[in-house]
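Data block below; observations after.
Any value given below was found using the heavy atoms of this structure, including those in side chains, with hydrogens, waters and symmetry copies removed. Residue numbering restarts at 1 for every chain, and letters A, B, ... go by the order of the sequence lines.
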Amino acid sequence: MPVHKDVLSKAKRPKSKPWLGIIFIALLISINLSIFTSAVQAAPGGAPAPQPCFNPEPVYVKDAGGNFVLDANGQKVENLTDNYLTDTNGDPLGPEETDNKLTNPEALKFTIVYTGHKGDLVHLTKRNQVKVDFSKLQAIFGAPNSNFADGGAQSIDHAQTNLMGLKNPLIYQGPAQKAVFKVLTDAQRIKYVKYVYDKPELGESGTKFTDYNGQDPKNIHELVGAFSLPSPPPAGTTDQHWLDTWAKYWEKLPTTYNEFTIGKLEFRELHGLQLIENVKKGVDNSCSKFNPLRTVEFPVPNFFRTAATSGALNQVLVPKTAQSDQNDLLDIKGAVLGVKTSTLDFLQYCIKFAQKNPVSQAIKKVISLGTQSIKSSYIAYAAWNLNLASVGSNSARFTFDPPGNGNFGLVAKNNSTGQTWDSGAISNGTSSVTFNGLTPGNYRAVLIFATSEISNAVTFDINSADPSPQPTSSWTLSVQASPIRGSNVRFDYNPEANSVMALIVYDQNNNTVTDSGSIDRSTTWTWTNARPGVYHAQLFAYGIAPVSNVVNFEVQWLLNNPTVDIRPLAGINNVNFTFAPQGNNDGANLSLLTYVNTTPRGTAFYDSAVSGVNLNGQTSHALPLNKVRWGKWVAVLIKGLSAVSNEVTYEVPYVLEVENNSGSVTFHYGPPLHIGPPSANAMAIIVKRKYIDKVVWDSGPLALDSTSVHWTDNAQPGDMEACLLYDGKTELSAHNLVCKPISVSTNYPWKIITLDKDKSCIKVSGSGKAGNAPFCAIYPTKFEPSVKGQTNVFPGECADPNPSRYKLNDQSNVVCTFTFDWDSSKFDGIPDKELRLPASGPGNWDKCDYAGDFVTCYLTVGIWPDFRVPFLAQSWNNTQFSNKDEVLPTLQETGRPGYYTFGQPKAVAEYDPLQELVNNCDPAIPGSQACKDLVNKVTSGDYPTKYPGLSDCVTSYLMQLPQLVTCIKGVASLIPKNLPGQVDSSTLGASTGPSGSVLGTATDQKERFIGAVDCGKHLTRDISLKPLVLQKELGVKFDCDLSTSSETPPNGAPPPPPGGGTPTPTPPPPPPGGGTPPTTNDCSGKYNLSTNPLNDNFGDPSCDFSESQLYDLLRSLDPSRADYWFFTIVPCESVYNSNNYNGASTSGSAWGLYQMGHEAYPTLGIPRQMNSPFDRGDVDWRLQTSNAVNYNNGLGNTFDYWGCAT
Amino acid sequence: MNLPQNQKTFQVIIIAVVFFLLAMIFGIFLTQTGKSTKPAATNKIVPPQVSPASLPKETKDLKSKLISKPLKNNKGDLLLYESTNFYVEYITSPQVFFVKIAKDVNNSKKQATEWFIAQGATGQDMCNLPVRFILSTLEARQEDPKFTSLPDGCTGQPISKPTK
């Protein structure tokens, strides 16, 4: 080991070399960095380091030359397709009215109504929330579509299949590989290998492909390492090296890689009705007017692949005239797999397009919206005019305009003493305030909001009090003005008393009531325990010599203003009086009377004495509950028939309180409604939607004695106003007692519809697959270069409540509630960025109404959530829309997938005659020419062999024409003859909705992409281009399947595999004739599948059974007997359970709604049990019904088959 | 004992035959017991007696109210009420209210009737709407073999078998 020794010996030398240390540290840092870097981004050509979802690619529009298209600002144009969430009119999700009912919650569309002074600057904010479940969204975004067109090439099963072991290798490839020229697929695969090799971080870089024998698995990195980059031989040549290397793997390789790209969720704002309308119509370049409130990035898998494969197919299969004029997508020369965009076309349609966009409809189902009230505040305040209306000896009265609003008050300050008078908050509508008890001095008064003066100031003077009257004797004695209320009587005298003086009070009988004693050096004395009565008083010297005038006075009870406490929610309805002194029974008992506050007084409404309440010895009294009534009242104390106190007026309000708990709204009101003028029966509560002043609920007359009424458990969210009214609706303005704002349910959940049930959605997986597609959780920061590193998700916004194995990355931001604010101060796109009340005209508002100095303005604001999906436009354009009508004499038309026009499926050719014949034949008239034509048609040609059920009909009913016609019609009606993209919803494939929109069905929506394969292309690919050795190995024959993917043979072969490949030779259960194959879906627990020996859902495999549909079907198949079937046979036989199974039937076992026979299940040891082809219940419910009707028809409609018919 | 070989064989055969006979008797017993099914309600439903268009206005209003807020809409079958033992559905075609009872038949029927009354229905309304009761399980059908689909106080008969 000489080298080691040498190294060690050198290392031990104590030689100082500082630069070595620096290099060492630098090396450490670089190692550290390189480790870190490799974790983020693998180097091109490096070993696979899959990081799915991470660092998704931004997608920009390129021109035909491959250069980026720039916008007017020099920025790259994003290649994203907008999917605006709108209502059915393209409006933002907001209030809509149908039959005077609001059908949508007020959420993202609202109208501001604001009143203020001209020139006021207004600041308004509104906070909104949108909840998104990204695990469901990704299922919408195309995984099934890309997998279908690409033949599932990226699945592990596909990559590691033993091609030689396949019984039918044709089904191995998807339509992209089947239909596209080999030279093209070769170019695609070369590109694939190079791209994956250069980007080891791609999720599929680790996928191992086996050779066609299923042996020797290698990933792309290993393949390139072993064979170098691929170079397939030109067509017509052979290359042994190629056959020995890449050729063994070549058929396994996908034609496109799965690039993760950046999608965006934007919340886009527009304000102004005209602008909103323009956007909806897509005019005036209005799409650029959007003001994004917030943008969230999310990684999108699969769409690039979908666009690429569908684009390739489109270019090859669709005649040029039917293609989009921008659809020459592939640049083969440069071996660049690029996609030319048509995004701009879509953008031109903008919101208009959104109406036809089923993706947005689907997205709408997986989000929740919430909203909060609009919050407002004034920017400018100096707007009130304050006037001094009058000044008294110790008082001043002020008026102001506009009236009070509950937010400001009036303050007057005595500049001489510093003393301040404050009105407190001036209530809404009050326009004057009076200050009493002002002390002499100079004053300044002004209206105040918080600490700010909001009006002009006024000044005034209060002069010194007038001089007292001159004394009539040596001393002048005075007393408070009579009557005096309460126990304290104050006497004043002048000049100052001396030590021998006293004040004596006498009653009406001249008996001394009280003697002050010496009042030396005082000018005032107070009798503190005066009892109510009539008295006179005088000053005396030495107790006997009067030295003053006599003053006469009367003392009465002081009745204080009552406290009124009405709190319905707490059940409190109190009116409480206090008085002084204590009550007594001198001459008569003391009692309290109340009257309605009218002039003159009417009859007393309440008399405490009559109610048996004795006020003697009391200083307070609470009204009994049934005497607490709404209105304005007067109260006074009496003895006998005389008032012995001051009168007090008081008002009992109706108080409305709202109990609002997540949409469950209850109103509590008080005082109880058995009281209150003029008519208790007329009380009612209405609820109006704010901003649009629409009554959404009217309680009707409220019940007597009631204190609450429940509105709803399902209140629409938004800003409401509830008003307690009386006298019906005729005098609302006059008697609008109390209105109260309600903000209902700040987080209203949209109705969540399971995606596989939603037939308006075309992008979802099949039944049971909703949310099962691979998806990416979103990242906390953004990836797009211009905003890289910026916050994408705020802490606390997202969670991962149900971790899924379909999640591709290790992030936890799956279910997110995004919050974004609309703020009027951040307006853009209009000259004045501020929202100011104009001096004239509408200004920045939709309209303004002027009244004097005031102006009321209206502005409608809309916010659209916009899911911006990369490559969506391309995929759609390639697969669903052709921009032009086909000029060739085919069935192609605008809005229908273009795939089908070139390789026209056989079903298209057969569409007209068979469908028309079935429609024209009425089994009630079996001898009609139409029925004869039908019979002749389906019993000739290849129909009997292709559909054995037809042969069965002929065999069974050869001599019975009515039964034969019914049988044939029954079978023939189940033979799909629909156009591709236009199949009945009960069959596999896709159906066509209004205006040509393509609607998905529960299963196999992916198959809408292509209805048939072009045998010419098969021949080209498999015979002309495939190496001979591979042809032999694969067993390629001159064979081609012509059935459509939507086809569901009734009594023939099993459904063809996706793409129209040749069916597998060994059909799985159920046997032929079973209609839609059984599934294991128990329809959310609706069915107990363990009761039948198949443990399958044979009766309702698509989970679309309903009794309503059953009745409709019966009415169509057997109108005159439909009621008997529906009300007698089905409930008696199966209680409407299409999966009903009775293993102990008298005939063996009974299946389905009609408890009929079944096919053989050899693997289960179950023999066939059928009297005829129609005696079959182990099929889907529609076929069960058709079978039952046909079978009964064969029996002469006797129903003898069914025990329940007896 | 040291029996001859054929005698041992004979004894084994005798024992086997006895066991076989006993097993057959026991099996027949079990089979017969299993087949002794109890009588069950037929579940035949009396169809609507009044056409929807001919219903009194009050009944139409009630019907509108009842179906205005379904808990669930399954392709025309509106779920209106659900409890442990029964649920109420409105079948939009042919416009009938079905009460499907799984168990505790009489009590459930009473509770369902009370539910309709609480919604504002009268006995006549229930006849005319119409409300019909169905026993959805074999257990329920066996619980009351004479069960009728009609609400209490209503009259009517299931549909007779159509003539050919």
Side-chain angles (χ1 to χ4, degrees), chain A residues 101 712-714 751 753-754 757 759 962 985 1083-1084 1086 1088 1091 1100 1102-1116 1118-1137 1140 1142-1144 1146 1192-1193 1195-1200 1202-1206, chain B residues 31 34-37 40-49 51 64 67-79 87 89-102 130 132-141 145 147-150 156-164:
Chain A
K101 292 179 181 175
T712 176
D713 286 326
N714 190 22
K751 186 178 180 185
I753 299 173
T754 307
K757 300 286 198 304
K759 294 200 173 189
S985 61
C1083 305
S1084 304
K1086 182 178 180 181
N1088 177 7
T1091 58
D1100 188 13
S1102 301
C1103 295
D1104 62 352
F1105 173 78
S1106 75
E1107 285 152 45
S1108 284
Q1109 292 187 116
L1110 173 65
Y1111 185 74
D1112 290 341
L1113 180 61
L1114 286 165
R1115 296 265 293 177
S1116 69
D1118 198 3
S1120 63
R1121 303 173 194 88
D1123 282 356
Y1124 187 68
W1125 286 112
F1126 187 80
F1127 288 109
T1128 298
I1129 297 297
V1130 177
C1132 177
E1133 293 287 349
S1134 65
V1135 203
Y1136 303 105
N1137 180 356
N1140 198 304
N1142 180 7
T1146 52
N1192 188 48
N1193 195 278
L1195 298 175
N1197 294 314
T1198 60
F1199 289 92
D1200 287 347
W1202 289 275
C1204 286
T1206 56
Chain B
T31 309
K35 284 189 175 176
S36 63
T37 53
T42 64
N43 250 357
K44 294 178 182 176
I45 298 169
V46 177
Q49 306 291 295
S51 74
S64 299
I67 64 178
S68 62
K69 291 179 181 175
L71 304 176
K72 186 179 176 185
N73 182 351
N74 175 35
K75 297 175 177 60
D77 296 355
L78 309 183
L79 178 63
Y87 59 93
E89 277 185 323
Y90 176 71
I91 312 301
T92 52
S93 174
Q95 301 191 40
V96 294
F97 291 84
F98 277 170
V99 179
K100 292 184 178 165
I101 299 173
R132 295 293 182 261
F133 296 88
I134 306 171
L135 304 181
S136 61
T137 63
L138 181 61
E139 173 194 355
R141 292 172 77 165
F147 186 81
T148 171
S149 68
L150 288 169
Q157 293 295 325
I159 303 172
S160 301
K161 186 161 72 172
T163 54
K164 291 189 227 175

- Item | Derivation and outcome, side-chain contact (heavy atoms from CB on, under 4.5 Å), residues B:Thr92 and A:Tyr1111 | CA-CA 10 Å; B:Thr92 52; A:Tyr1111 185 74; over 6 Å; no
Below 4.5 Å from any heavy atom of chain A, which atoms of [X] appear? Answer side chain, backbone, both or neither.
X	answer
B:Phe98	side chain
B:Leu78	neither
B:Ile134	side chain
B:Arg132	neither

- Task: Would you check if A:Leu1110 and A:Tyr1136 make a side-chain contact, meaning some heavy-atom pair closer than 4.5 Å?
- Result: yes
- Message: For chain A, which candidate among B:Val96, B:Val46, B:Asn43, B:Thr137 shows the most heavy-atom pairs at distances under 4.5 Å?
- Response: B:Asn43
- Message: Counting heavy-atom pairs under 4.5 Å with chain A, which one of B:Ser149, B:Ala41, B:Ser136 comes out on top?
- Response: B:Ser136
- Query: Who pairs with B:Glu89 by side-chain hydrogen bond (donor to acceptor under 3.5 Å, both in side chains), at least two apart in sequence or on another chain?
  - Reply: B:Lys100
- Task: Start with the C-alpha gap between A:Asp1200 and B:Lys161, add the side-chain angles, then the distance that decides, and say whether side-chain contact (heavy atoms from CB on, under 4.5 Å) holds.
- Result: CA-CA 10 Å; A:Asp1200 287 347; B:Lys161 186 161 72 172; 3.6 Å; yes
- Query: When you look at CD of B:Gln157, are more than 12 heavy atoms from neighbouring residues, nucleotides or ligands closer to it than 6.0 Å?
  - Reply: no
